[in-house]
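Okay, structure first, notes after.
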Amino acid sequence: MNIYVKGHISCYELEHVARLFYPKAAVGNAAHGAEVVAARLSAHHMLAAVRLNGKCTVRLAKRDLSLNAKQLEYAHSLMLFNLLCDVTATRPAWGMLTGVRPVRLIHDMHRKNMPESEIEAFFKQKFLVSDEKYALAQKIAATQAGIIAKNKPRSYSLYIGIPFCPSRCSYCSFVSRTTAESAALIQPYVDALCAEIEDIKATAERNKLTLETIYIGGGTPTSLTAKQLETLMNKVAECFDLSAVSEYTVEAGRPDCTDFEKLCVIKNGGATRISINPQTLSDNVLEAIGRKHTAQDILNCFADARKAGHTNINMDLIAGLPKDTVSGFEKSLDGVIALSPENITVHTLTLKRASSIVIDNEADAYDDVAKMVSLSSKKLADAGYAPYYLYRQKGTLQNLENTGYTKSGSECLYNIYIMEEVHTILSAGAGGSTKLVKPGEKIARIFNYKYPLEYLSGADEMHLRKKGVDDFYAKYFDMDT
Ligand code: SF4
C-alpha cells in the first residue's frame, strides 16, 4: 500500500490516518494500478480515494474556503478516515487521535480548567475516540491526579540503563546487545555507569533536586552477574538516601538470567519493586520470539522472587505476538493473574523497523490483537486490578495502547512520572535520555551516547552535555522553589 497526499502544507495528519489502517504503507507516488490511499486538495475540492484489490473508491467534497490550513487538514483527514472505515469495515478504537499520551491530554485540559463536556467532545466528537477508550483514559487520569498533585517542582527520578540481554527477542527494537557479543564490555560498562551515577548525585545536589524514584531498566539488568549487580546497587545506595526514596524498581526481566542469588542481591540492595516479564506463558510463543526459556522457568522465577522477599512485582504481557492466539493469550493472562503480582502491564505488539518481525514481514497474521486487549481489560478488572497508566507507540498493532494495571495502592510512580512528564528524569547509561521538566511549561532533553562502546569512550563529552541540567534549572526555576 502507498500513501499519496498532495496540496497541504503539512501531510502529517493525513498520513497518520492512512497508517491507522495500513501501518506499513510507504509515502510517495504509486506505480500504475498499485494499491494506494490518496488525498488531494485543489483550489476548490478535497478528494479522498482508495484503490484496493483492483477497486477504486472515491469521495469528493467542495473545499470550504473559510478554513485555515490546519482546519483544512483536519476536515480532509476526517473525510479520509470515514472512507477508510467504510472500505476496510474497521473502526480504530482511538479514532483519529495522534500522540502517545492520551491521558496527558486530559491532565493538560484540566490544568486549563476546561469543562468535562468539552474534554469529552474533543475526544469523542472531534477525534472519534470510542466510549470504551475515552472512559479508560478518564479513569486513569482520575487515578493519577492525586499522585501527580504531590509532585514538587524540584523532584526528579533516576533512570539507569543496562543495554545487555541474554539473547535478542524477535520483536525487540531497543538498543540492546547480547551478553555473548558484549562480554568484554560489560565490566567496563558497570564501572562507567558507577562514575556517571556519582556525577548525577553531584548535579542533583548542586541544583537542590529531591530524588523520588529510581528505575534500573534495560535491556535486562539481570544480565549482569550477581557481583556486578551488587556493585551497581551499592553505588546507588552510597550516592543517594534510599530511605527518602518513594520507590526503587529493578527490571528482573527474563528468567534465563535471573536466579535466586540475583533476586536476593536486588532485595538487599534496597529495591522495593521488581518486574518479571513473561510476555507470554506459551512455550510455543516463547520459542517464536526467540526466548531461550520456558513458561515453567517464569513461574519458578516468580516463586524465587517471593522467596527472596519481593512484595511488589510487575509482570508484562504482550498482545499480538507471533504464533499467539486469543485463547493462548487468555491462558497466559489467567496464568499471570493466578500468581497475583501487584502490577500487570499489557502491551500491544509494536512493529518498529529495528525488530526482526518487521524485517521478516510476519505481522499481517496478528489480527486478533484488539480482542486480546479487550479481554485483558475485562479479566483484570474482574480480578481486582485497575488501570493506572497508559501510552501508545507508533507502529502498534491496530494503533492500540499499552496499559499498566495495579492492585489498589501499588501504582508504579515512575511509570506515571515518565509517561505524564511530571518531573525531571536524570538518566545514566548508554541510550539514556535525560528529560528536564518544568511541569506544564518546559521540557528539554539531553542524550547520552546510544551504544555501549560509544558510551565508554564518550564519558567526557556526556559530562559536558549534562551541564545543560544546571543551565535548565538556572534559567527556568526560581532560586527559592
Ligand atoms: S528482553 Fe527486552 S530489551 Fe532484551 S532483547 Fe528482549 S525485548 Fe529487547
Side-chain angles (χ1 to χ4, degrees), residues 159-183 185-186 189 193 215-225 228-229 249-259 262-263 266 274-295 297-298 301-302 305 313-324 332 336 343-360 362-363 366 391 393-397 402 404 415 418 427-433 448 450-452 455:
Y159 178 83
I160 299 167
I162 309 294
F164 307 110
C165 290
S167 65
R168 195 160 166 90
C169 306
S170 64
Y171 58 86
C172 183
S173 60
F174 295 109
V175 179
S176 185
R177 294 275 186 265
T178 65
T179 40
E181 70 191 359
S182 307
L185 288 182
I186 297 178
Y189 183 85
L193 205 47
Y215 196 104
I216 304 185
T220 306
T222 44
S223 61
L224 301 182
T225 63
Q228 288 164 338
L229 207 47
T249 299
V250 178
E251 282 186 0
R254 297 169 42 159
D256 46 354
C257 61
T258 307
D259 56 18
K262 291 183 194 177
L263 288 162
I266 293 170
I274 61 167
S275 197
I276 296 171
N277 301 327
Q279 318 303 13
T280 172
L281 287 179
S282 155
D283 285 339
N284 199 24
V285 179
L286 283 169
E287 191 186 339
I289 62 173
R291 289 286 182 99
K292 309 264 183 265
H293 61 79
T294 63
D297 293 331
I298 295 161
C301 184
F302 187 87
I313 304 179
N314 170 68
M315 299 189 91
D316 279 1
L317 286 173
I318 301 180
L321 286 172
K323 303 257 190 296
D324 210 357
S332 297
V336 166
N343 297 165
I344 298 176
T345 309
V346 180
H347 295 266
T348 307
L349 183 68
T350 298
L351 302 173
K352 295 259 173 93
R353 273 191 207 97
S355 75
S356 58
I357 283 185
V358 173
I359 294 159
D360 297 344
E362 291 174 10
Y366 316 143
Y391 66 102
Q393 283 170 286
K394 275 191 187 159
T396 298
L397 286 177
N402 305 312
N415 283 337
I418 190 162
S427 291
S433 162
N448 279 8
K450 200 168 174 186
Y451 300 103
Y455 174 79

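This is a predicted model, so every value here is computed, not measured. For ligands, and for the atoms within them, numbers begin at 1 and follow the listed sequence.
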Could you tell me whether a side-chain N or O of [X] sits under 3.5 Å from a main-chain N or O of [Y], the two making a donor and an acceptor?
X: Ser182; Y: Leu185; result: no
X: Asn402; Y: Thr348; result: yes
X: Lys262; Y: Cys257; result: yes
X: Thr258; Y: Ala252; result: yes

Subset of ligand 1 atoms that lie under 4.0 Å from at least one heavy atom of [X]:
X: Arg254; value: 1 (S), 6 (Fe)
X: Cys172; value: 3 (S), 5 (S), 7 (S), 8 (Fe)
X: Ser167; value: 5 (S)
X: Phe174; value: 3 (S), 8 (Fe)
X: Cys165; value: 1 (S), 3 (S), 4 (Fe), 5 (S)
X: Tyr171; value: 7 (S)
X: Gly219; value: 3 (S)

* Asked: Is atom 4 (Fe) of ligand 1 less than 2.8 Å from at least one N/O/S atom of Cys169?
  -> no
* Where on Asn277 is there a heavy atom closer than 4.0 Å to ligand 1, on the side chain, on the backbone, on both, or on neither? -> neither
* Any side-chain donor near an acceptor of the partner, Tyr215 and Glu251, under 3.5 Å -> yes
* Asked: Going by atom types alone, do Ser167 and Arg254 pair a side-chain donor with an acceptor below 3.5 Å?
  -> yes
* Asked: Do Ile274 and Asn314 come close enough that some side-chain heavy atom pair is under 4.5 Å?
  -> no
